[in-house]
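So you know, we letter chains A, B, ... as the sequences are listed, proteins then strands, and number each from 1.
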Amino acid sequence: MSFRAPKGTDDVLPPESRRWRELLRSWDLLAEQYGYAYVATPIFEATDLFARGVGEATEVVEKQMYSFRDKGGRHLTLRPEVTASVLRAYIQGGLSGEFKGAYSGPCFRYERPQEGRRRQFWQLGVEYLGAPDAEADLEVIELGYRYLLDCGLGDVVVHVNSIGDAPDRVAYHALLSGWLDERSHLLSKDAVRRIHTNPLRVLDSKADREVVADAPVPLDYLEGETAAHHDQLIAGLQERGIAHRHAPRLVRGLDYYNRTVFEYIPPSYAAAHNAVGGGGRYDGLSRLLGGGDLPGVGLALGLDRILSAAGQSPPARALDVFLVVADQERRSLAHAFARRLRAAGVRCDLVAGRRSVKAQFRAANRRDAALAVVIGAEWDRGMVTAKDLSSGDERTIPAGEVAAWVIGGPEGGR
RNA sequence: GUGGCCGUAGCUCAGCUUGGUUAGAGCGCCUGGUUGUGGUCCAGGAGGUCGGGGGUUCGAGUCCCCUCGGUCACCCCA
């Protein structure tokens, strides 16, 4: 074996690739229904964008970025997430006011791969910019929730929390740091290191779960308006029938969040990293990146995780028609017929080169075609023989009726 | 970055404990049985430097060391 895909990367091959495409398509559709416009940003950006946006002290920036210098000496990084890029694009493009953007594409993090954690992974996301209201948070959460339900994750629960605003946090951080300091002898090495750089992160560390179980929690220190925002959010979730749970120690690892943070947890997904998506509000990010004041909320979903949590749904047929060429002198005829069917919207294929009829039927079966259509002597009378590959039902019909049969079933041509 | 488990055919694995001549199975693939019929059945066939390197030995898939890869968990995130 000479070449393998790089560590932590996957090929998406049929038949799984069909489901993959379906999920991407329904994501595009759903985002459009909610009024989000498609956004594409570069897959690499200035390293500083992520260092500033995501946060210097985060795990992602500290040790998970694919960074390199290009031939011009620029410091670039394969995007580990896309929110910072969308903000950057908004600012750079001189956009103003409300903006709703949706994206999908690969992201990259250098980590030890395991179930649900790959070095290249596919994120679907939306960013709702310019909307400070809790209603925007709700819309974003609802959109992701709807999508996951559509994907077949019927039992997802949205874990929600509020980590407060910057002003609340100054006071709360001091309080939390102090509380943690007193117990530093009980904490893991990583936790101790974070007491002063990023104390919030300690709250959702698995290693320190027992110690931190009765630590002061951000929610108890919210100021009036921030608390109201959160109350409105919870009431809205209730009203919209979104299964949710309050998660007081949920904080998330990206520094730009404030107020609302959330994760989608499907209980059926047994992997260690059991969130299939998450997000939150990031009202301060725009300023951090050199833009004006601009509130925002967003979410990101892990396509690969959704796929493994949802399992494979019964796949639809891959092809409508597979042409079987009985007489080799009719090959070019068959190709012309294939072109006609395709133009009529029929998914149609045939083998390249001369193969026995038997081999062509085997191919039809393997390619998961619904119908095998034989091009042979009957073609001279304008007829073809069509065989339904699941029932074995076979009949000779006018060539012109094949497309109608595919679309309307055996009687569709009548 | 830390730790556990695993590397034999395209895939899933047996063989390794107790070293012995030509390395096996199932599935998949190709061909034929049916010179125009698949999916079932039968027959045949192709496909392996036993992950790589070194060592021990008369002899290594099997024992030892190193290395690379895979996987799971920690950590962290989608």
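With respect to Arg119(A) and Glu111(A), no salt bridge is recorded, no charged nitrogen being found less than 4.0 Å from a carboxylate O. A salt bridge does not link Arg52(A) to Asp48(A): none of the charged nitrogens lies less than 4.0 Å from a carboxylate oxygen. Using a cutoff of 4.0 Å between basic side-chain nitrogens and carboxylate oxygens, Arg240(A) and Glu142(A) are scored as salt-bridged. Taking 4.0 Å as the cut-off between side-chain N and carboxylate O, Arg25(A) and Asp28(A) do not count as a salt-bridged pair.
For the pair Arg183(A) and Trp179(A), the cation-pi criterion (under 6.0 Å, within 45° of the ring axis) is fulfilled.
As judged by a 4.0 angstrom heavy-atom cut-off over every strand, Glu378(A) is placed among the base-contacting residues. Using a 4.0 Å heavy-atom distance criterion, Ser390(A) is classed as a base contact. Contacts of Gly279(A) with the nucleic acid, taken as non-hydrogen atoms under 4.0 Å apart, are absent. Heavy atoms of Lys63(A) sit nowhere under 4.0 angstrom from any nucleic acid atom. Among the heavy atoms of the strands, none lies under 4.0 Å from Ala363(A). Using a 4.0 Å heavy-atom distance criterion, Gly376(A) is classed as a base contact. Among the heavy atoms of the strands, none lies under 4.0 Å from Glu81(A). Residue-level contact check: Ala300(A) touches the backbone only, with heavy atoms under 4.0 Å from sugar-phosphate atoms and none from bases.
Computed from coordinates, the Arg366(A) CZ to U40(B) P distance equals 12 Å when rounded to whole Å. Rounded to whole Å, the distance from CG on Asp388(A) to P on G39(B) is 16 Å. Rounded to whole Å, atom P of G38(B) lies 16 Å from atom CG of Asp393(A). Distance CG (Leu250(A)) to C1' (A78(B)): 13 Å, rounded to an integer number of Å. Atoms CG (Leu323(A)) and C1' (G36(B)) sit 14 Å apart, rounded to a whole Å. Computed from coordinates, the Arg362(A) CZ to U40(B) P distance equals 10 Å when rounded to whole Å. Taking atom OH on Tyr110(A) and atom C1' on C75(B), their separation rounds to 15 Å, with Å as the unit. Whole-Å rounding puts the Arg317(A) CZ to G39(B) P distance at 14 Å.
Side chain to side chain, Asn161(A) and His230(A) fail the donor-acceptor criterion of an N or O pair below 3.5 Å. If you check the side chains of Thr77(A) and Ser67(A), you find a donor sitting under 3.5 Å from an acceptor. Using a 3.5 Å distance cut-off with no hydrogens or angles, the side chains of Ser85(A) and Glu45(A) do pair a donor with an acceptor.
U2(B) and A25(B) are spaced 39 Å apart, taking the C1' atom of each and rounding to whole Å. Taking the P atom of each, C29(B) and U22(B) are spaced 33 Å apart, rounded to whole Å. C58(B) and C11(B) are spaced 38 Å apart, taking the C1' atom of each and rounding to whole Å. Only the P atoms considered, G38(B) is 12 Å distant from U31(B), to the nearest whole Å. C13(B) and G28(B): their C1' atoms are spaced 14 Å apart (whole Å). Taking atom C1' on both C6(B) and G19(B), the two are 22 Å apart, rounded to the nearest angstrom. Between C64(B) and G7(B), the distance separating the two P atoms is 13 Å to the nearest Å. Going from the P atom of C27(B) to that of C65(B) covers 38 Å, rounded to whole Å.
In this structure, G39(B) forms no base pair with any nucleotide, since neither Watson-Crick nor G-U wobble geometry is met with both distances under 3.5 Å. Nucleotide G45(B) forms a Watson-Crick or G-U wobble pair with C29(B), both donor-acceptor distances falling under 3.5 Å. Remark: G3(B) base-pairs with C72(B). Criterion, Watson-Crick or G-U wobble with two distances under 3.5 Å. Nucleotide U22(B): unpaired (no Watson-Crick or G-U wobble partner with both distances less than 3.5 Å). Across all strands shown, C63(B) forms a Watson-Crick or G-U wobble pair with G55(B), both key distances being under 3.5 Å.
Here the nucleotide nearest the side chain of Arg305(A), chosen from C72(B), G38(B), A78(B), is A78(B). With G38(B), A78(B), G32(B) as the candidates, the nucleotide lying closest to the side chain of Ala275(A) is A78(B). When distances are taken from the side chain of Gln114(A) to each of G36(B), G38(B), C74(B), the shortest belongs to C74(B).
Stacking between Phe121(A) and the base of A78(B) is present: ring centres sit under 5.5 Å apart and the planes differ by under 30 degrees.
When the side-chain nitrogen and oxygen atoms of Arg112(A) are compared with OP1 and OP2 of C72(B), none of them lie within a distance under 4.0 Å. Taking only side-chain nitrogens and oxygens, Arg355(A) never comes nearer than 4.0 Å to OP1 or OP2 of U37(B). Contact between the side-chain N/O atoms of Lys358(A) and the OP1/OP2 oxygens of U31(B) is not found at any separation under 4.0 Å.
In summary, of the residues considered (Val374(A), Asn365(A), Val325(A)), a side-chain contact (heavy atoms from CB on, under 4.5 Å) with Gln360(A) occurs for Val325(A) alone.
Projected onto RNA chain B by closest heavy-atom contact, Val374(A) and Ser356(A) fall at different nucleotides, the more 5' of which corresponds to Ser356(A). Where Val357(A) and Glu263(A) meet RNA chain B, the nucleotide closest to each residue was compared, and Val357(A) sits on the side nearer the 5' end.
A donor-acceptor contact under 3.5 angstrom links the side-chain atoms of Arg117(A) to the base of C75(B). For U37(B), the base has no donor-acceptor partner in the side chain of Gln360(A) [N/O atoms by modelled type, under 3.5 angstrom]. The base of G39(B) lies outside donor-acceptor range of the side chain of Asn365(A), with no N or O pair under 3.5 Å.
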